[in-house]
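Since the structure comes first, as structure tokens, the remarks are kept for the end.
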Amino acid sequence: MISNTPNTHQQVMDQALALARNGLYTTMPNPRVGCVLVNKGLVVGQGWHERTGEAHAEIRALQDAGTKARGATAYVTLEPCSHMGRTPPCADALIKAGVVHVVVAMQDPNPKVAGAGIARLRAAGITVEVGIGAEEARELNIGFVSRMTRGQPWVRSKVAMSLDGRTALGNGVSQWITGTEARADGHHWRARSCAMLTGAGTVRQDDPALTVRHVKSSRQPLRIVVDNKCEAPLDAQVFADGNALLVTVSADAARIQEYEARGVEVLVTKPGKTGRVDFKALLQLLGARGLNEITVETGSRLNGALLEAGVIDEWVFYVAPTLLGEGAAGVVQGTPLITLAQRSDLTIMSVMSFGNDLRIVARSI
């Protein structure tokens, strides 16, 4: 809830961040941004960016404040833009409205901005402070930051597993290892993602839809299927509405046309050293398409290949208090390690309970 009389810069920035989270599922490929205007100790305007092509957070806050914006302090979770995109520069709008002080959580990593918005405000005589709430703002836009600084999306792999690290029985059955609360929470990651990614093996075995169902969302993520040989069934659920991209190294033109006839886009990539899809190159291509966050839901083989390629930034483990024993599938399958020095170390970011299950979020070191 927005307080009308916040006492500190941090309190107001927290309110701006709360507003920004309203766009968690909708702003892509744009960042999630919130703005609060304070004048004489009172909140006079607030707004957030909802979706690309629509007004930015600063503009909505200025519209909300009206003439009360003159002489106000603006708290913005991301540096105001200084270039003409789908909408005019927000830095110019703040200057025109008579704002005298701007508190910015973090500088915009977009090379088109990258400090230029702050510089424009200061050149107009506006006092600018940067850094309050920076870590929270970065976390909220971790995919946007990744795309702007590395040219590729932030990749998280979501895994449901038993306490002994098993993700499916030996016969492939995996539904359901975790409970309803954990599965519902899993749709939060889908909803905030620009795309879901899986492999042809998972499509054949489980026929997942990879749609958002347990979280209210006005959009569905793109579904990406990595399929080196174009073996995924044409009638798979993941291809149902055409909002899908099949990535392959196959030159089978007739088979590719069959997918395209169903409304599926097919991206034929140059094979990597193994003769399969080169994941590092693929992520650069997906970044160029404006994808900020990708959530992977797949089996141990593709998870292993992605891990060995070094492209998984974050893991979301849902751990059920059950044991599946020997013969069941593990989280990753790949080249066996010879020494412990080859292991993939992670940093645990958070641990939460959902029903009887645990959710562990961990990141690559």
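The figures here come from the full heavy-atom set of this structure, side chains too, leaving out hydrogens, waters and symmetry mates.
- For Pro221, the side chain to side chain contact (heavy atoms under 4.5 Å, CB included) test picks out Met196, Val212, Arg219, with sequence neighbours left out.
- The closest side-chain heavy-atom distance from Val316 to Ser157 is not below 4.5 Å.
- Residue-environment remark: CD (Glu326) stays at or below the threshold of 12 foreign heavy atoms within 6.0 Å.
- When the side chains of ILVMFWY residues are joined at heavy-atom separations under 4.5 Å, either directly or via intervening members, Val225 and Ile256 end up in a single hydrophobic cluster.
- When the side chain to side chain contact (heavy atoms under 4.5 Å, CB included) test is applied to Val130, the partners found at least two apart in sequence or on another chain are Val104, Ile118, Arg122, Val128.
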What's the verdict on side-chain contact (heavy atoms from CB on, under 4.5 Å) for Val311 and Lys280, showing C-alpha distance, side-chain angles and the deciding distance? CA-CA 7 Å; Val311 298; Lys280 289 186 177 180; 3.8 Å; yes
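- By the criterion of side-chain heavy atoms lying less than 4.5 angstrom apart, applied directly or through intervening Ile, Leu, Val, Met, Phe, Trp or Tyr residues, Val145 is not grouped with Ile312; the two fall into different hydrophobic clusters.
- Hydrophobic cluster membership is shared by Val103 and Val43, with clusters built from Ile, Leu, Val, Met, Phe, Trp and Tyr side chains linked at under 4.5 angstrom.
- In this structure, Ser146 contributes its side chain and Ile142 its backbone to no donor-acceptor pair below 3.5 Å.
- The distance from atom CG of Asn356 to atom CD of Glu181, rounded to the nearest 0.5 Å, is 7.5 Å.
- For the side chain to side chain donor-acceptor pair (under 3.5 Å) condition, no pair includes a residue of residues 242-254, sequence neighbours left out.
- Note on Phe239 and Val268: same hydrophobic cluster, where clusters join Ile, Leu, Val, Met, Phe, Trp and Tyr whose side-chain heavy atoms are under 4.5 Å apart, directly or indirectly.
- Within 6.0 Å of CH2 in Trp154 there are more than 12 heavy atoms belonging to other residues, nucleotides or ligands.
- The main-chain N or O of Gln46 is found under 3.5 Å from a side-chain atom of Asp64 such that the two form a donor-acceptor pair.
- For the pair Asn30 (side chain) and Thr27 (backbone), a donor-acceptor distance under 3.5 Å is absent.
- Shown here for Gly290 and Pro29, the closest heavy-atom pair between the two residues is O-CB, 3.1 Å.
- Of the inter-residue distances, the one linking Ile294 atom CD1 with Cys194 atom SG reads 8.0 Å to the nearest 0.5 angstrom.
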Chi angles and distances behind the salt bridge (charged side-chain N to carboxylate O under 4.0 Å, His left out) call for Lys229, Asp227: CA-CA 6 Å; Lys229 299 179 181 179; Asp227 187 354; over 6 Å; no
Val38 and Val36: CA distance, side-chain angles, deciding distance, side-chain contact (heavy atoms from CB on, under 4.5 Å) verdict: CA-CA 7 Å; Val38 176; Val36 175; 4.1 Å; yes
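- Remark: the backbone N or O of Met106 is not paired with any side-chain donor or acceptor of Glu79 at under 3.5 angstrom.
- Contact detail for Pro321 and Asp357: the closest heavy-atom pair is CD-OD1, 3.4 Å.
- In this structure, Leu37 and Ala74 approach most closely via the heavy-atom pair CD2-CB, 3.4 Å.
- The two atoms that bring Gly133 and Leu17 nearest to each other are O-CD1, 4.3 Å, heavy atoms only.
- Panel note: side chain Thr167, backbone Val331; no donor-acceptor pair is recorded below 3.5 Å.
- Stacking of Arg363 on the aromatic ring of Trp315 is not recorded, the 6.0 Å distance cut-off and the 45° axial limit not both being met.
- Side-chain atoms of Thr77 come within 3.5 Å of backbone N or O of Gly34 as a donor-acceptor pair.
- Val264 and Leu222 are not part of a single hydrophobic cluster, where members link through side-chain heavy atoms under 4.5 Å apart.
- For Arg213, the side chain to side chain contact (heavy atoms under 4.5 Å, CB included) partners two or more places apart in sequence, or in a different chain, are His187, Arg190, Ala209, Thr211.
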Step by step, work out the salt bridge (charged side-chain N to carboxylate O under 4.0 Å, His left out) result for Asp241 and Arg223. CA-CA 10 Å; Asp241 63 2; Arg223 273 92 73 194; 2.8 Å; yes
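- Here the straight-line distance linking atom CG of Leu24 with atom CH2 of Trp48 works out to 13.0 Å at 0.5 Å rounding.
- Here the side chains of Val361 and Arg359 are in contact, with some heavy-atom distance below 4.5 Å.
- Side-chain contact, Thr335 with Glu308: a donor N or O sits under 3.5 Å from an acceptor N or O.
- Smallest separation of non-hydrogen atoms from Ser82 and Ala116: OG-CB, 3.3 Å.
- Contacts of Arg301 classified as salt bridge (Lys or Arg N to Asp or Glu O under 4.0 Å), with partners at least two apart in sequence or in another chain: none.
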Run the salt bridge (charged side-chain N to carboxylate O under 4.0 Å, His left out) check on Glu54 and Arg60 step by step: do they pass? CA-CA 10 Å; Glu54 296 187 4; Arg60 289 190 181 275; 3.3 Å; yes
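- Between the side chain of His49 and the main chain of Ala20, no donor-acceptor pair closer than 3.5 Å is present.
- The side chain to side chain donor-acceptor pair (under 3.5 Å) analysis of residues 283-295, with sequence neighbours excluded, yields the pairs Arg32-Glu293, Arg147-Asn292, Gln152-Gln284, Arg156-Glu293, Arg192-Glu293, Ser193-Thr295, Glu265-Arg289.
- Within a 6.0 Å radius of NZ in Lys68, no more than 12 heavy atoms belonging to other residues, nucleotides or ligands are found.
- Counting heavy atoms of neighbouring residues, nucleotides and ligands inside a 6.0 Å radius, atom CZ of Arg255 exceeds 12 of them.
- Side-chain atoms of Asn228 come within 3.5 Å of backbone atoms of Val277 as a donor-acceptor pair (strictly under, hydrogens ignored).
- Residue Met13 holds its CE atom at 8.0 Å from OH of Tyr75, rounded to the nearest 0.5 Å.
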For the pair Leu163 and Val319, evaluate side-chain contact (heavy atoms from CB on, under 4.5 Å) and give the outcome as yes or no after the intermediate values. CA-CA 6 Å; Leu163 201 58; Val319 186; 3.7 Å; yes
List the steps and the verdict of side-chain contact (heavy atoms from CB on, under 4.5 Å) for Ile360 and Tyr318. CA-CA 6 Å; Ile360 302 172; Tyr318 290 94; over 6 Å; no
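- Under 3.5 Å, the side chains of Thr322 and Ser162 contain no donor-acceptor pair of N or O atoms.
- Listed here is the closest heavy atom pair of Val100 and Gly71: CG2-O, 3.4 Å.
- Panel note: side chain Asp313, backbone Val155; a donor-acceptor pair is recorded below 3.5 Å.
- In terms of modelled atom types and a separation under 3.5 Å, the side chain of Asp207 and the main chain of Gln237 share a donor-acceptor contact.
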Evaluate salt bridge (charged side-chain N to carboxylate O under 4.0 Å, His left out) for Asp278 paired with Lys270, printing each intermediate quantity in order. CA-CA 7 Å; Asp278 182 330; Lys270 183 179 179 180; over 6 Å; no
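- Once rounded to the nearest 0.5 Å, the distance linking CG of Leu267 with CG of Leu286 reads 7.5 Å.
- Atom CG in Leu346 sits 8.0 Å away from atom CD1 in Ile348 (nearest 0.5 Å).
- In this structure, the side chains of Phe317 and Leu358 stay at 4.5 Å or more apart for every pair of heavy atoms.
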